[in-house]
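Notes to accompany the following structure.
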2 protein chains.
Amino acid sequence: MADDRENGERVIHVPLGERAYDILIGEGLIARAGGEISTRIKGRKAAIITDEHVGALYLEPLMDSLQADGIETVSLSLPAGEKTKSFDHLQKVCDVLLEARIERNDTVIALGGGVIGDLTGFAAGIVRRGVRFVQMPTSLLSQVDSSVGGKTGINTRHGKNLVGIFNQPDLVLADTGVLNSLSPREFRAGYAEVAKYGLIDQPDFFAWLEKNWREVFSGGAARTEAIARSCQAKADVVVADERENGRRALLNLGHTFGHALEAATQYDSARLVHGEGVAIGMVLAHEFSARLNLASPDDGKRVEAHLRAVGLPTRLSDIEGELPPPHILLDAMAQDKKVKAGKLTFILTHGIGQSFVADDVPPSEVLSFLTDKMASANI
Amino acid sequence: MADDRENGERVIHVPLGERAYDILIGEGLIARAGGEISTRIKGRKAAIITDEHVGALYLEPLMDSLQADGIETVSLSLPAGEKTKSFDHLQKVCDVLLEARIERNDTVIALGGGVIGDLTGFAAGIVRRGVRFVQMPTSLLSQVDSSVGGKTGINTRHGKNLVGIFNQPDLVLADTGVLNSLSPREFRAGYAEVAKYGLIDQPDFFAWLEKNWREVFSGGAARTEAIARSCQAKADVVVADERENGRRALLNLGHTFGHALEAATQYDSARLVHGEGVAIGMVLAHEFSARLNLASPDDGKRVEAHLRAVGLPTRLSDIEGELPPPHILLDAMAQDKKVKAGKLTFILTHGIGQSFVADDVPPSEVLSFLTDKMASANI
């Protein structure tokens, strides 16, 4: 399904019937956005939702590109950070879209990372019961994960992403040029999700990453390749199971632990960002699988070695400050969406690239695992 | 697709593939809700959202019925009235559902009229990106219209229903027994939507209503028949065009004018309720069609005569208090969802039961029509 354009750009088609769309990956896509959008979407208006950091860098070139193609634009810059995924900001975005009279065939563009994409995709899906929606992810994390697949939402005091909808974008434009302005920490956090695709079901991709990660970090063709393979992997899973009734849950490898750690650190990005939680969560998922005699302890060690090599945290003790006791972490997992009748749904593994969905994990097993991990971390 | 049960209950199946559901119409369904729900939905928890008026009458019997079938219940009673369809109440409902740990296979029940159904259906569709949802409409309006078809939403300062989603219920339980507690005015308002189905494309049903409306108002078999024919008519349209890309717009007959009148009266139910706005709107739609030489003026007179006979308002001058000038009414229509590139989408007609979608109505024609109507009303 992947396709190469002459300029080195990659095109991945996500075949979801009447919700099908293309993912374009390449350098300079912000400057070419007007052309890509106007050939696909009829409406002559676009509202760009961004955050203050990203907007300062890329809002003007994007508006220029849209206006050059005859698209009238309005924009809204929101505070950067996870706290923006709130009911208050959702209402604000809806209000701006209605004020601008964005109609069903007009476009709402999410220019930013996962926070902006999730919030904007939700708003675009509920204003007039759905207007056109374009993802322009500007972080590695959002380029390889959140911009693909249609999950949108906001956080509540009960947890992350507990309110939202499935809303597939009409187009994803991933400008790889913007990744050069990411901090190393942000790039690493996104890389955790790239590695995840290998760990789910592509052991060869994981091995390729172990060998080529330095090239992926330094940019160029290896980076584009890693992003394209990640998007393709995610698209394949989404097409097989759009609404997460089965296989799609595999994408949550490392996320049940990871979300609990994010909640436990109050979503304080100084202590832990999403991708870091996922990195630790993936190591924990492999170790927990080994403890249940499902996988070899060596796999967990190999996963940890690679993630540590690229500079990601891999242990609970890598998180600065105190963590709450194990039963509070467990409670955060149980409030996660992935719960059925009191049993926890976990992604476990038989080894590198051999993940599977277990929907009958007894909370007591998780509790004793966490208790042991935290006891040994405190020695 | 309609089916009769031994107790006189009617079952209408809405064949929407994986979103298919049944509409049950009959007396005593509140008392039988536990059985109907527990055979269809796995989860053992239900959250009932209602309003203070309806809750005072029916919340206890409904909870008793659910608990008798082993379903754990929580409930929330909101203020009655259109103002409850707000972002604030949406957030409140989501919060209660998360607090109660309603999971994906648990049930959210909307017990009430259209306001409760629209708000609750929206919340049920966004909490955990969708939990199970049962409509228990308690007004005639919601039994024949808003509970069927999956449109949900809230109002904003820009207009009605401008934020929402399509969320088909898993089941509709329309207890016709509760209609006896409606005020005559409320019943009449719902009847406007019943008559609408005749006017859209069933001239024989409209003629049947002209002859049998007294029996429909007094209850019994004729009432059940009118509700079942209405639900079947709506279901047929929804199945043909679930997301309102074409034919479904016919259901808006009378609604573009009606919504503008509701906005113009600040949704003040002392002055105008939805069904009354639709009644006046349907007469206006027929008169406007005649003015455009699409229909005979006699059809408008026949529509008005019938609606007036049952006691519904049919003219702008039937609305108490001042109305804003025509251009403000027009502006309210243009902010309606049914706008494409500046042209108004109207449901026009060639006569009784011969409605059609016109998506190219020039605002200037509407303005001059309204100006003339209001000038003559003021003589």
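Atoms considered below: every heavy atom in the structure, side chains included; atoms not considered: hydrogens, waters and symmetry mates. Chain letters run A, B, ... following the sequence lines, proteins first and then strands; every chain starts at 1.
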d(A:I154 CD1, B:I126 CD1) to nearest 0.5 Å is 6.5 Å
Closest heavy-atom pair, B:T152 versus A:R129, reported as atoms and distance to 0.1 Å, is O-NE, 3.0 Å
Honestly, the part of B:R157 sitting under 4.5 Å from a heavy atom of chain A is side chain
Nearest heavy-atom approach of A:I165 to B:G125 is CG2-O, 4.2 Å
Applying a strict 4.5 Å limit to non-hydrogen atoms, the region of B:D95 in contact with chain A is both
